[in-house]
Amino acid sequence: MSGEALTQETILRACPRMGPDDSFTFECSPSFDCFTRCCSDVSIVLTPYDVLRLKRALRIDSSEFLDDYTLSPFTKKQPIPVVLLRMHPETKECPFVTAQGCSVYADRPWACRMYPLGVAEPKNPSPADHSFHFLIRENVCHGHDRGRSCTVRQWLVEQGIEEYQMMGASFRDLMLHDFWDKDEALTPEKMDMYYMACFDLDRFRRFIFETRFLSLFLVDEARVEAWRPDDAELLVFAMPGLHFSLFG
Ligand code: SF4
Ligand code: SF4
């Protein structure tokens, strides 16, 4: 498996499936010769909650974060809109990597927290076909089979994944919607709404509070006030509304 490109097909064929109580042995340390090599030349897809945490950690507006640190390849070949962390064009390094390690460690994205674990989720889970974890083994990483043994469950807790899973559940449902299987694209207006409500939360907040939006819907006033200062509240509100506005 090592060195082989990770496609859906190779994951299903070649990766041993791991459940919550399965264990693996892994250590990551600044003393390893591979230290921070995993932070270069890598595709890191950002979730809405990743963007929220990072822009908050950097104390910048979501639009500024998206402009300065991300790529959004919305093309016909890529019908599901994604936001990627933009690597340096020449060195290919992550913008947050330093000689000492990750400069945004406390708010690092979901994918960085999970590594070296991956997760495969079927679209329609059933007892015979349900989600599973697997180990990502790459030649660049020398942390495998070193240090202590840990279960999948322990790893997820230690890396703070639960909060990311909770905040990401509605986004996951959005991504797994049948619409994306059809040969259709979102209209430019819907695409912009999707991008704004998922990723550009500060712009979304201005849309909510500085347009006629609130006069068109009956929304509990206390909830509305909760969205004003709280990005996470706003994101939780945005997801079901967005689901409805995109797919009916
Ligand atoms: S965010 Fe941090 S952990 Fe993730 S690739 Fe960048 S430097 Fe590495
Ligand atoms: S390559 Fe693996 S062991 Fe090395 S720093 Fe990255 S995660 Fe840690």
Side-chain angles (χ1 to χ4, degrees), residues 1-6 10-11 15-16 18 22-62 64-73 82-119 133-152 154-165 167-168 171 198-201 231:
M1 190 60 227
S2 183
E4 190 175 358
L6 273 183
T10 55
I11 290 167
C15 295
M18 300 173 79
D22 286 323
S23 34
F24 60 101
T25 304
F26 186 81
E27 187 180 1
C28 178
S29 162
S31 64
F32 293 173
D33 59 356
C34 59
F35 187 56
T36 72
R37 273 199 224 153
C38 50
C39 301
S40 291
D41 204 10
V42 60
S43 289
I44 297 181
V45 176
L46 297 178
T47 67
Y49 192 56
D50 287 333
V51 172
L52 184 163
R53 290 282 296 255
L54 286 167
K55 71 106 187 164
R56 206 163 63 184
L58 298 168
R59 298 176 187 273
I60 57 177
D61 185 89
S62 54
E64 190 182 343
F65 176 80
L66 292 166
D67 285 349
D68 291 354
Y69 295 106
T70 69
L71 289 172
S72 306
V82 292
V83 171
L84 296 168
L85 195 55
R86 189 164 72 215
M87 301 289 132
H88 188 284
E90 277 138 35
T91 64
K92 309 282 183 218
E93 284 180 339
C94 170
F96 304 121
V97 71
T98 68
Q100 290 72 43
C102 177
S103 62
V104 292
Y105 188 77
D107 297 285
R108 66 201 183 285
W110 177 88
C112 306
R113 289 167 189 268
M114 287 291 288
Y115 194 84
L117 279 184
V119 61
H133 289 91
F134 58 93
L135 264 187
I136 302 168
R137 285 184 179 270
E138 294 175 299
N139 294 333
V140 74
C141 178
H142 300 164
H144 288 277
D145 306 316
R146 299 172 84 161
R148 70 184 179 120
S149 167
C150 164
T151 64
V152 168
Q154 270 174 310
W155 184 263
L156 300 184
V157 170
E158 287 170 11
Q159 301 299 318
I161 295 292
E162 203 178 31
E163 187 177 339
Y164 280 72
Q165 272 170 343
M167 290 300 297
F171 181 65
C198 287
F199 301 105
D200 203 349
L201 269 188
D231 288 334

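Both counts, for ligands and for their atoms, begin at 1 and track the order of listing.
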Heavy atom of the protein closest to atom 6 (Fe) of ligand 1 (residue, atom name, distance): C94 SG, 2.3 Å
Donor-acceptor contact present, side-chain R113 to main-chain Y164, <3.5 Å: no
Nearest-contact summary for atom 5 (S) of ligand 1 - protein heavy atom, Å: I44 CD1, 3.5 Å
Heavy atom of the protein closest to atom 8 (Fe) of ligand 1 (residue, atom name, distance): C39 SG, 2.4 Å
Atom 1 (S) of ligand 1 - nearest protein heavy atom and its distance: P109 CD, 3.6 Å
Atoms of ligand 2, numbered as shown, that sit under 4.0 Å from any heavy atom of T36: 5 (S)
Sub-4.0 Å atoms of ligand 1 with respect to non-hydrogen atoms of F96: 7 (S)
Distance-only polar pair, side chains of S62 and D200, donor-acceptor under 3.5 Å: yes
For H144, the option from F32, Y115, F26 that meets ring pair (Phe, Tyr, Trp, His ring centres under 6.0 Å): F26
Between Y49 and F171, ring centroids under 6.0 Å: no
Presence of N, O or S from C112 under 2.8 Å of atom 4 (Fe) of ligand 1: yes
Donor-acceptor contact present, side-chain T98 to main-chain G101, <3.5 Å: yes
Atom 8 (Fe) of ligand 2 to nearest N/O/S of C28 below 2.8 Å: yes
Atom indices of ligand 2, in the order listed, that fall short of 4.0 Å to a heavy atom of C34: 1 (S), 3 (S), 4 (Fe), 5 (S)
Atom 6 (Fe) of ligand 1 to nearest N/O/S of C102 below 2.8 Å: no
Value rounded to 0.5 Å, distance of CG in D41 from SG in C94: 12.0 Å
Side-chain heavy-atom pair E64, L58 within 4.5 angstrom cut-off: no
Ligand-side contact atoms (ligand 1) for residue partner V97, heavy atom cut-off under 4.0 Å: 7 (S)
Short side-chain to backbone donor-acceptor contact, R59 and K55, under 3.5 Å: no
Atom 2 (Fe) of ligand 2 [closest protein heavy-atom partner, distance rounded to 0.1 Å]: C141 SG, 2.3 Å
